[in-house]
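Inspection log for the structure reproduced underneath, given as structure tokens.
The model shown is predicted, which means the values in this text are computed figures rather than measured ones.
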Amino acid sequence: MSKLGSLGARLHRGEISYDFIGHRKIWYGISILITITAIVGLAVRGLNMGIDFQGGAVFTTAKNGSISVSRAQTAAEEASGHEAVVQKLGDGSVRIQIAGMDTKQSDTVKEELAKDFKVNPESIAADLVGPSWGDQIANKAWQGLAIFMVLVVIYLAIAFEWRMAIAALIALIHDITITVGIYALVGFEVTPGTVIGLLTILGYSLYDTVVVFDSLKEQTKDLTKQTRFTYSEIANRSINGTLVRSINTTVVALLPVAGLLFIGGGFLGAGTLNDISLSLFVGLAAGAYSSIFIATPLVADLKELEPQVKALRKRVLAKRAQSPADEENTPSYGYDSGPDEDPEDDVETAVVGPRTQPASRGRGRGRPSGKRR
């Protein structure tokens, strides 16, 4: 078995663990800081909306290897007086996008480009994009996002409970805010591909969150019938048990997206890949983070407000205070699937660094379990 697989098995069995829930205030602080930075970047710099949202003209030249991207951009900006986005297409032609132009301005720019490139104006195709079309895309995107959020909350409330639904919703909003803020800070153009990427990452983020919630739901059956573990400790066990799985799925999903972003968009210069690949890359990373560090700790905080869970915590802490020797031998964040109230019939596993030590209650090592004669 590989080292990562062995680590995952030990985390799943509760032999080792990390206190994610206990350090939740740190994760909340980090998320708040990142979210504030994203909001400030969005407010100060704003989004670089593409021509599909602003409206404008798109010029496509015929195949001409002598026209470079830098030359086309300089010529387009001088002719229009606006910033131009230039892309070299695979067949050797050049695509020039200039926002905020009408038909009369488009004809003038087309003539100027033909003179600069020394080609026939008829060889340059000009298409106008109206801003109303971009508004329709934006409205449809907002409607799709709202419907998705409502369906997610309803589904999670039915399949799990409303506290998990609220926590998942907060995590999704967290992921979207960070991704949009990164777009504002980086300055990448927002296109319909960006919208598609944003809607796609919601599914990935929700998947990781549901995996942890499903484990948590399974392990908290008959929760109040035992006095060994609090809800937060069981929640921490659920995170640790699914940690390696979440890491594996996230890394596998990030690798091809990273190839699109850094190799396709950066090294090879395929700028059309940047709009969707950046949203996927940032969203996948943020979704994996929020499912572990935000969603589940929020569920634990909300559950700990319940009277029954509060009473359970008091019973657990009171029992541990009465039996300090047993407390030392209790795994800090482990939980068995069923209640076990009889200490004489239980042999627990204590977490001691990276190894485990069996600790029997009320029995000496090597002593027979029968009655003394």
Side-chain angles (χ1 to χ4, degrees), residues 46-138 140-141 182-184 186-200 256-282:
L47 291 174
N48 179 21
M49 306 301 292
I51 191 173
D52 298 299
F53 295 98
Q54 297 186 60
V58 179
F59 303 94
T60 306
T61 67
K63 183 178 180 180
N64 191 335
S66 63
I67 303 176
S68 64
V69 172
S70 58
R71 178 187 174 188
Q73 184 169 7
T74 302
E77 290 179 350
E78 289 179 353
S80 64
H82 298 279
E83 184 178 354
V85 178
V86 181
Q87 298 169 343
K88 191 82 171 181
L89 303 182
D91 60 355
S93 59
V94 177
R95 185 171 185 261
I96 304 170
Q97 301 180 47
I98 305 175
M101 296 185 62
D102 55 24
T103 304
K104 185 180 295 185
Q105 291 174 319
S106 171
D107 293 338
T108 303
V109 172
K110 180 179 178 179
E111 295 290 338
E112 293 294 328
L113 290 176
K115 291 179 182 179
D116 191 276
F117 298 154
K118 297 179 181 179
V119 298
N120 189 333
E122 298 300 325
S123 65
I124 300 178
D127 298 312
L128 289 177
V129 179
S132 60
W133 188 73
D135 292 338
Q136 292 178 4
I137 295 177
K140 293 295 183 182
I182 294 295
Y183 260 86
V186 174
F188 276 19
E189 188 179 35
V190 177
T191 67
T194 305
V195 177
I196 295 172
L198 286 173
L199 296 176
T200 303
V257 175
L260 289 175
L261 178 61
F262 298 108
I263 299 178
F267 182 72
L268 299 179
T272 53
L273 298 175
N274 288 335
D275 51 1
I276 189 170
S277 58
L278 180 64
S279 62
L280 289 175
F281 186 85
V282 176

Expected list for residues 111-122: side-chain donor-acceptor pairs under 3.5 angstrom, two or more places apart:
from	atom 1	to	atom 2	distance (Å)
Asn120	OD1	Glu122	N	3.0

Output all residues satisfying side chain to side chain contact (heavy atoms under 4.5 Å, CB included) with [X], sequence neighbours left out; order by chain, then residue number.
X	answer
Val195	Phe53, Ala141, Leu199
Val257	Leu280, Phe281, Leu284
Thr74	Glu78

Worked verdict on Val86 versus Val94 for side-chain contact (heavy atoms from CB on, under 4.5 Å): CA-CA 7 Å; Val86 181; Val94 177; 3.4 Å; yes
N/O donor-acceptor pair under 3.5 Å between Thr60 side chain and Ala125 backbone: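 No; zero donor-acceptor contacts below 3.5 Å.
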Rounded distance (nearest 0.5 Å) linking atom CD1 of Ile196 with atom OG of Ser279: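 The OG atom of Ser279 is 9.0 Å from CD1 of Ile196, to the nearest 0.5 Å.
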Atom pair CG/CG of Asp107 and Leu128 - distance to nearest 0.5 Å: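 Output value for this atom pair is 8.0 Å.
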Under the side-chain hydrogen bond (donor to acceptor under 3.5 Å, both in side chains) test, residues paired with Gln73 that sit two or more places apart: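 Testing Gln73 for side-chain hydrogen bond (donor to acceptor under 3.5 Å, both in side chains), a comparison that skips the adjacent residues, returns Glu77.
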side-chain hydrogen bond (donor to acceptor under 3.5 Å, both in side chains) involving Ser80 - partner list, sequence neighbours excluded: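 In terms of side-chain hydrogen bond (donor to acceptor under 3.5 Å, both in side chains), with neighbours along the sequence ignored, Ser80 is linked to no residue.
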Side-chain heavy atoms of Phe59 within contact of Arg95, under 4.5 Å: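 Counting from C-beta outward, Phe59 and Arg95 never come under 4.5 Å.
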Looking only at non-hydrogen atoms, find the nearest pair between [X] and [Y] and report the distance.
X	Y	answer
Ala84	Ile98	CB-CG1, 4.0 Å
Ile96	Ala72	CD1-CB, 4.2 Å
Gln97	Val58	CG-CG2, 4.3 Å

